[in-house]
Amino acid sequence: MKYLISLDAGTTSVRAMLYDCEKRQFVFTAQSEVGQFFPQSGWVEQDAEEIFEKCAEALKRCISAAGENEIAGIGIANQRETVVLIDRKTGCAASPAIGWQCRRTTDFCKSVPPDMQALIRARTGLPMDAYFSASKIKWLLENTPGAKELFREGRLLAGTIDSFLLYKLTGNFYTDH
C-alpha cells in the first residue's frame, strides 16, 4: 500500500486528493462543488446527501486512480460545526445540514442565563454561540418533521458532517432483526 487519500468535505466543494507516500506528493485530485441554501437571512443549509454522494464519487475516482489494494488510509477534513440529523436505521439524512456559519440559533444562545453559559464554558471550553453544534441540534430536534418520532424510536442520531460521512461509508446501520 503506497497511497493515502485526503478527503475534504468543505463548505462549497468536496475534494479528494491522492497522496503517493513514496514520491511524497499528491498525484491525483477529484473535486466537485456542493450547494448551499439560504432559506432566510442569516440561515445556511446544505443537502447532506449531496455532500455524501460527491464525497463518495471523489473517493471512487481516487481509489480507481491508485488501485483498491494500494490505499493505506483515508483522512477526513470537514466543516466541523455543520450539523445533520441521521436516521440510524437507514443511514440517510433526516434533516438538512445546518451550516457552521448559520446564525438561526443566536437568539436562543443569548437567552441562556449567564450562570448556565458559564457552566457550559467551564465544561466544554466553548462559549454559548450559534457557531457551535449544540444549539443547532436543539433547533433541528424542535423543527424537523419526524425528528421527535425517530428519537422516540431510538433511530435518531445527530452529528457533524464527518460523522455522517463515516456512518454512511461504513454502512453499519442497525436493523430490527
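Closest approach of W43 to C102, counting heavy atoms only: CA-SG, 3.5 Å. Closest non-hydrogen pair, E49 versus D47, comes out as N-OD1, 2.9 Å. Shortest non-hydrogen contact noted between F52 and L169 is CE1-CD2, 3.7 Å. Residues Y3 and A66 come closest through the heavy atom pair CD1-CB, 3.5 Å. Considering every non-hydrogen atom in both A93 and A48, the closest pair reads CB-CB, 3.9 Å. Scanning both residues, K136 and A130, for their nearest heavy atoms gives NZ-O, 2.9 Å.
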ask   = Does the side-chain hydrogen bond (donor to acceptor under 3.5 Å, both in side chains) test come out yes or no for S135 and T105, once each step is laid out?
value = CA-CA 6 Å; S135 65; T105 63; 2.7 Å; yes
ask   = Should L126 and I120 be marked as a side chain to side chain contact (heavy atoms under 4.5 Å, CB included) after you check the CA-CA gap, both sets of side-chain angles, and the distance that decides it?
value = CA-CA 7 Å; L126 303 173; I120 290 168; 5.8 Å; no
Side chain to side chain contact (heavy atoms under 4.5 Å, CB included) assessment of V34 paired with Q46 = CA-CA 8 Å; V34 292; Q46 292 186 282; 3.6 Å; yes
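Between K168 and E53 no salt bridge is recorded (no basic side-chain N to carboxylate O distance below 4.0 Å). We find that R103 and D129 are joined by a salt bridge, their nearest charged nitrogen and carboxylate oxygen being less than 4.0 Å apart.
Among residue pairs with one or both ends in residues 2-22, those qualifying as salt bridge (Lys or Arg N to Asp or Glu O under 4.0 Å) are K2-D20, K2-E22; sequence neighbours excluded.
There is no side-chain donor-acceptor pair under 3.5 Å between Q79 and Q101. Judged purely by distance below 3.5 Å, without hydrogens or angles, the side chains of S13 and E33 never pair a donor atom with an acceptor atom.
L156 has its side chain within reach of L141: a pair of non-hydrogen atoms, C-beta onward, lies under 4.5 Å apart. Side-chain contact between F37 and P96: absent, with no pair of heavy atoms (C-beta onward) separated by less than 4.5 Å. Contact check for R121 versus Q117: no side-chain heavy atoms found under the 4.5 Å cut-off. Between L59 and I5, some side-chain heavy-atom pair lies under the 4.5 Å cut-off. The shortest distance between side-chain heavy atoms of L157 and D87 does not fall below 4.5 Å. With a 4.5 Å cut-off on side-chain heavy atoms, F28 and M17 do not count as touching.
Scanning for ring pair (Phe, Tyr, Trp, His ring centres under 6.0 Å) contacts around Y19 gives F26, with sequence neighbours left out.
Annotation: Q25, atom CD; neighbour count of heavy atoms from other residues, nucleotides and ligands within 6.0 Å is above 12. More than 12 heavy atoms of other shown residues, nucleotides or ligands fall within 6.0 angstrom of atom OH in Y131.
For the pair R80 and W100, the cation-pi criterion (under 6.0 Å, within 45° of the ring axis) is not fulfilled.
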